[in-house]
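Since the structure comes first, as C-alpha cells, the remarks are kept for the end.
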Amino acid sequence: MAPKMKTRGTTRTLKSSNDEETKTNVHSEDSPLEVGKAVRGKRKASGSGKTGKQESSKAEKSPERPQYCHWLMKSEPESRLENGIDVKFGIEDLKTLPNQTGCWDGVRNYQARNFMRDMKEGQHAFFYHSNCKEPGIAGIMKIVKESYVDHTQFDKKDVHYDASSKADNPKWSMVDVQFERMLKRFIPLSELKKIHLQHKAKGGSLNGMALFTRARLSVQPLTSEEFEFVLSLEDNDPL
DNA sequence: GCCAACGTTGGC
DNA sequence: GCCAACGTTGGC
C-alpha cells in the first residue's frame with residue numbers, strides 16, 4: 001500500500017531505534033538478502049509529512065543487506081473495504097495530497113518493512129497498482145523521508161492496528177513518498193510478465209524481477225538494470 | 001469469486 | 001525448532 005492508503009495488507013513498520021526483532025523466527029527482520037518470502041502488504045500514504053521522526057538507528061542488525069536504490073511499492077487503486085474501511089489508494093490519490101506527499105503506512109510484513117528501512121532520501125520507487133482491473137506500474141515517486149515509526153500501528157481505529165506492537169518498541173515503520181511523475185504510458189503486469197518469461201528463457205534484465213519471483217511482497221527492490229529496463233518500456237509500443 | 005502461493009501462529 | 005493449521009495477497 002501506499003500512502004495513505006491502506007492496502008491490504010502488508011505491513012510495514014518501522015522501527016527505529018529500537019529493536020529489531022529479536023526473535024528468532026523467521027520472519028523477521030532481517031536478512032540480508034531476503035530470502036524469500038514474501039510479504040504482503042501494501043500501504044498507504046497518508047498525508048504528509050511532517051510528522052515523523054526518524055529513526056534510525058539501531059543497529060542494523062543484519063549487516064549486510066545488499067544495497068538497493070530502486071523500489072517498487074504496491075497499493076490498491078480501487079475501493080475495497082477492509083473492516084469497513086476503504087483501503088483504496090492509487091497514484092491519483094497520492095497526487096491529491098498536500099505537496100503530493102504521503103506516508104506509506106500500513107505495511108505489516110517484515111520483509112517489506114525491512115526494505116522500507118533500507119530506503120534513502122532521494123531514491124525512486126515505482127507506484128504499482130495491485131488487486132485491480134489492470135495491475136501494473138503507473139508512475140514514479142521519490143522517497144522524501146526515511147523510515148520512521150508508523151503511527152497507525154497504535155491506532156485502534158486504523159485497519160492496520162497492531163495490538164502486539166508496543167509504544168516503547170514499535171514494530172512497524174513507514175517512509176514518506178512524493179509523487180514525481182506518471183509513466184508516459186501505464187506498464188501493465190501482463191506485459192512485464194511476458195518480458196520476464198522471455199528473459200528467463202533467453203536472458204535479459206527482467207530475468208529475476210521480484211515482482212515475479214516474490215509476487216506477494218508489497219515493497220520490493222529493483223536492481224538499477226531492472227529499473228532502467230522498465231523505464232525504457234515507456235518509449236516503446238505496448239507489447 | 002476462486003484459489004495458489006506463501007507468511008504467521010502456536011502446539012508440541 | 002518443527003510443522004500443521006490458518007490467514008492473507010493478489011492475479012485471474
Side-chain angles (χ1 to χ4, degrees), chain A residues 1-3 5-15 20-45 62 71-91 93 104-117 125-138 150 152-153 158-166 170-174 186-197 200 206 208-222 230 238-239:
Chain A
M1 309 222 157
M5 44 184 156
K6 323 177 121 271
T7 23
R8 11 172 99 226
T10 321
T11 352
R12 31 175 148 190
T13 5
L14 72 85
K15 125 175 288 126
E20 306 240 327
E21 317 215 332
T22 20
K23 324 178 151 201
T24 45
N25 293 338
V26 188
H27 49 12
S28 68
E29 313 228 341
D30 54 45
S31 8
L33 302 187
E34 313 232 337
V35 178
K37 302 196 146 218
V39 171
R40 49 177 96 190
K42 320 174 142 223
R43 111 97 292 328
K44 80 187 170 187
S62 1
W71 313 95
L72 179 148
M73 301 169 89
K74 301 178 181 177
S75 190
E76 302 182 37
E78 295 173 5
S79 289
R80 186 175 61 80
L81 299 186
E82 199 171 309
N83 295 334
I85 299 170
D86 192 355
V87 297
K88 168 185 185 295
F89 189 84
I91 197 163
D93 298 299
W104 205 267
D105 57 40
V107 172
R108 297 291 182 271
N109 169 285
Y110 292 111
Q111 286 194 115
R113 179 247 293 172
N114 292 342
F115 282 130
M116 284 202 300
R117 289 178 179 182
F126 285 129
F127 194 123
Y128 178 88
H129 282 169
S130 67
N131 206 22
C132 56
K133 216 54 136 333
E134 205 22 342
I137 298 174
D150 178 351
T152 65
Q153 66 197 303
D158 194 275
V159 200
H160 301 291
Y161 170 66
D162 181 357
S164 73
S165 182
K166 301 306 177 190
K171 286 188 179 177
W172 309 112
S173 305
M174 64 187 180
F186 180 83
I187 311 287
L189 175 65
S190 57
E191 178 172 344
L192 292 168
K193 184 180 271 181
K194 287 176 198 163
I195 296 169
H196 165 68
L197 290 174
K200 216 162 54 140
L206 301 193
M209 195 181 188
L211 193 56
F212 304 103
T213 59
R214 300 159 74 182
R216 298 177 37 183
L217 192 57
S218 67
V219 174
Q220 43 182 262
L222 280 84
V230 171
L239 254 200

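Residue numbering restarts at 1 for every chain, and letters A, B, ... go by the order of the sequence lines.
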*Verify the contact: side-chain N or O of A:Lys74 to OP1 or OP2 of C:dT9, cut-off strictly under 4.0 Å; return yes or no.*
no
*asked:* I need the CE-C1' distance between A:Met73 and C:dG10, as an integer number of Å.
replied: 18 Å
*asked:* What is the separation between atom NZ on A:Lys171 and atom P on B:dT9, rounded to the nearest whole Å?
replied: 7 Å
_Main-chain N/O of A:Ile91 paired with A:His129 side-chain donor or acceptor, under 3.5 Å_ = yes
*Touch class at under 4.0 angstrom, heavy-atom based, for A:Lys193 against every strand present*: sugar-phosphate
*Just by distance, do the side chain of A:Asp150 and the backbone of A:Thr152 share a donor-acceptor pair under 3.5 Å?*
yes
*Interatomic distance, A:Arg80 CZ vs C:dG11 C1' [rounded to whole Å]*: 14 Å
*Please determine, for the side chain of A:Leu189, which listed nucleotide (C:dG10, C:dG11, B:dT8) has the closest atom?*
C:dG11
*OP1, OP2 of C:dG11 versus side-chain N and O of A:Tyr128: anything below 4.0 Å?*
yes
*Take the protein atom OH of A:Tyr110 and the nucleotide atom C1' of B:dT8, then report the distance between them rounded to whole Å.*
9 Å
*Whole-Å distance separating the CG atom of A:Asn131 from the P atom of B:dA5*: 18 Å
*Whole-Å gap separating C1' (C:dT9) and CD (A:Glu76)*: 9 Å
*Atom CG of A:Leu211 to atom P of C:dT9: distance rounded to whole Å?*
16 Å
*Taking NZ from A:Lys88 and C1' from C:dG10, how many angstroms apart are they, rounded to a whole number?*
18 Å
*Please confirm whether the backbone N or O of A:Pro238 pairs with a side-chain atom of A:Glu191, one donor and one acceptor, at under 3.5 Å?*
no
*Do any N or O atoms from the side chain of A:Asp86 and from the backbone of A:Arg80 form a donor-acceptor pair under 3.5 angstrom?*
yes
